[in-house]
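Report on the following structure.
Numbering of ligands and ligand atoms starts at 1, following listing order. Quantities reported herein were computed from a predicted structural model and do not represent experimental measurements.
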Amino acid sequence: MNWTKAEDLPLVRRLIAEGFADYCEVLIDNFLHVEPDAIRRAFGHVPLAFHIMHSRFIERPAEELAFIAQRIRGFIRALSPMYVSDHLLQFTVGGRSVAFLPELDYERQGELVLDKVRRFQGMLEHTVCFENYPSILGSGRAQPEFFRRLVAETGAGLLFDFSNAIIAQRNCGVPTSAWASLVGAADHFHTAGYDFFDGCPAIVLDLHGTAVAEDTLELMAAARAARGARALTVTLERDHNVAYEAWRDDLIRVRRLYA
Ligand SMILES: [Fe+2]
């Protein structure tokens, strides 16, 4: 399961203590102001993984990024996470900050991003797994091919989010099968619920506030059957509508797939 904000800590610790989750994926950039020891004390011997949302490693000035990377590196050394993961996102468009973070333009930004990924991994002294984007626009059709290049040319990994792949399929017709070879080689996975936004056109959004959808569970079951029992991690993400019963029941449904 994931942990993104301090107020959810008692609930996350309770669900892990009761055996509904085996490890915790920490949104580490929300906790860079505390010391790694405090995180370790909060979780005891529970294995940890790191997720990063706002490194902005593609756009951030080098000096700022070096400071953040040095801080994350300290957490990596102290807590030995099972994986370190981040996102490929745009935080500004035409020089303006945007609230809804858009997908990359893989054709236009591809070379730059590959270079930034190599540098970022060098700064962290650690491989980074990047999460597939829940595409909305047609540019998302180039995403699986870009990830093939990313993995081959930078040594980075894929953190495959089943729900995001379903969203991209629903919104812009990227078949989930386009990810098959990458999924076969991936070790780390996400899943979550998605929401329908009744705009014009209607789209599906990755909001992490509902139960995992049936089509996502079907995709997970198919991937599980194709991959066999090779060791992996699957993180159920919940960030909104966080309540004990709902989170617990979703964890039970997901764990059933891997029993
Ligand atoms: Fe995710």
Handout entry: Close side-chain approach of Arg60 to Ile68, heavy-atom, < 4.5 Å
Key = yes
Exercise for the section: Taking the side chain as every heavy atom from C-beta outward, state whether Phe146 and Leu88 have any atom pair closer than 4.5 Å. Expected result: yes
Completion exercise
A correct count of protein N/O/S atoms found below 2.8 Å of the Fe ion (ligand 1) gives 4
Fill in the blank from the handout: The remaining residues in the hydrophobic cluster of Val98, counting side-chain heavy-atom contacts under 4.5 Å among Ile, Leu, Val, Met, Phe, Trp and Tyr, are Val93
Practice task
Any pair with a residue in residues 166-191 that passes salt bridge (Lys or Arg N to Asp or Glu O under 4.0 Å), sequence neighbours left out, goes on the list, sorted by first then second residue, please.
Solution key: Arg170-Asp215, Asp187-Arg230
Practice task
Enumerate the residue pairs fulfilling salt bridge (Lys or Arg N to Asp or Glu O under 4.0 Å) with a member in residues 76-99, sequence neighbours excluded, ordered by first and then second residue.
Solution key: Arg77-Glu125
Handout entry: Sidechain-backbone polar pair: Asn241 side chain, Gly209 backbone, donor-acceptor under 3.5 Å
Key = yes
